[in-house]
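Atoms considered below: every heavy atom in the structure, side chains included; atoms not considered: hydrogens, waters and symmetry mates.
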Amino acid sequence: MSVRRATHGKAALGMVAALALALTGCGGEGKSDKPAGPSAVKPQGSTGASPSGAAKSETPPATQILATVNGEAGMTLTVNSAVRDAGGFLTVSGQLKNTGGQPFASTAAWRGNELNGSGASVAGVTLVDKVGKKRYYVLRDTDGRCLCTTGLTIIDPGQTVPFFAQFPAPPAATTEVDFNLPTFATATVKISG
């Protein structure tokens with residue numbers, strides 16, 4: 001074996017070890033500095049299992065419930081957070097659950113008077129600041145699509161679906177708002193942040 005081949009072998013082994021160490025450090029055990037979005041909401045009763053199926057050694061924190069309201073045909077809406085973002089936005093997130101015995105497919109009312117490409121969504125949700133006497137609608141991107149959960153067409157019996165909707169933030173003095181998604185009762189939720 002030549003010295004040159006041995007040197008290349010040691011360099012390759014060192015690079016493999018460094019890569020393995022770097023990949024191990026990227027794991028982060030699911031923690032992120034990103035704000036919670038729709039996919040970050042855990043359904044109630046989740047087991048805390050990691051995506052690979054292995055159980056975590058730490059107990060997951062309990063999901064906060066700000067409000068729970070009923071809709072038609074056994075649908076239940078739970079609001080888990082209403083958080084002000086640094087950019088002047090308010091993001092409301094939670095879960096929709098079908099507690100009925102039939103698939104729920106009447107989601108068209110949830111999109112409100114949607115004229116652009118959001119399709120089946122929760123774009124019809126509104127917030128009302130009763131103190132400031134102002135109604136807030138879901139924000140839209142530059143293409144007119146809502147900054148909210150989309151793709152909601154059928155929710156099967158027992159299925160829980162996470163949702164989020166982003167609004168302009170009410171004034172800092174406003175500590176709670178009325179949250180209303182068509183076909184559901186109105187829920188009063190406290191704002192954090």
Side-chain angles (χ1 to χ4, degrees), residues 30 32 34-49 51 60 62-85 87 89-129 135-170 176-193:
S32 172
K34 294 181 181 179
S39 64
V41 177
K42 286 187 180 180
Q44 288 179 328
S46 67
T47 62
T63 301
Q64 182 178 11
I65 297 176
L66 300 179
T68 300
V69 291
N70 295 321
E72 60 187 17
M75 290 301 299
T76 302
L77 179 142
T78 302
V79 178
N80 298 114
S81 68
V83 180
R84 292 179 195 274
D85 298 334
F89 306 112
L90 178 71
T91 303
V92 179
S93 60
Q95 306 169 40
L96 293 159
K97 182 172 184 176
N98 183 350
T99 62
Q102 299 293 322
F104 184 80
S106 301
T107 63
W110 297 351
R111 66 180 167 212
N113 296 326
E114 188 69 30
L115 300 175
N116 295 313
S118 292
S121 66
V122 294
V125 69
T126 59
L127 295 180
V128 175
D129 173 4
R135 180 181 305 270
Y136 295 90
Y137 294 92
V138 175
L139 292 169
R140 303 288 199 256
D141 66 13
T142 55
D143 292 325
R145 293 181 302 246
C146 73
L147 298 180
C148 66
T149 300
T150 60
L152 297 174
T153 54
I154 296 175
I155 302 174
D156 291 321
Q159 183 179 9
T160 300
V161 178
F163 79 87
F164 84 100
Q166 194 169 50
F167 303 87
E176 65 181 26
V177 289
D178 283 350
F179 178 90
N180 184 260
L181 179 62
T183 74
F184 288 90
T186 299
T188 301
V189 296
K190 291 195 179 293
I191 299 172
S192 63

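Among residues at least two apart or in separate chains, there is no salt bridge (charged side-chain N to carboxylate O under 4.0 Å, His left out) pair with a member in residues 67-77.
Shown here are the side-chain contact (heavy atoms from CB on, under 4.5 Å) partners of V69, two or more places apart in sequence or in another chain: L77, F184, A185, A187. For E176, the salt bridge (charged side-chain N to carboxylate O under 4.0 Å, His left out) test picks out K190, with sequence neighbours left out. With sequence neighbours excluded, no residue forms a ring pair (Phe, Tyr, Trp, His ring centres under 6.0 Å) with Y136. Applying the side chain to side chain donor-acceptor pair (under 3.5 Å) rule to N98 yields no partners; only residues at least two apart in sequence or on another chain are considered. Taking S192 as the reference, V83 meet the side-chain contact (heavy atoms from CB on, under 4.5 Å) condition, with sequence neighbours excluded. Partners of D156 under the salt bridge (charged side-chain N to carboxylate O under 4.0 Å, His left out) rule, at least two apart in sequence or in another chain, do not exist in this structure. Under the rule for a side-chain contact (heavy atoms from CB on, under 4.5 Å), the partners of V128 that lie at least two apart in sequence or sit in another chain are K130, R135, D178. For T186, the side chain to side chain donor-acceptor pair (under 3.5 Å) partners at least two apart in sequence or on another chain are N180. With sequence neighbours left out, A105 forms a side-chain contact (heavy atoms from CB on, under 4.5 Å) with I154.
Q159 is not listed as a side-chain neighbour of P103, based on a closest heavy-atom distance of 4.5 Å or more. Considering only heavy atoms from C-beta on, I191 comes within 4.5 Å of R84 through its side chain.
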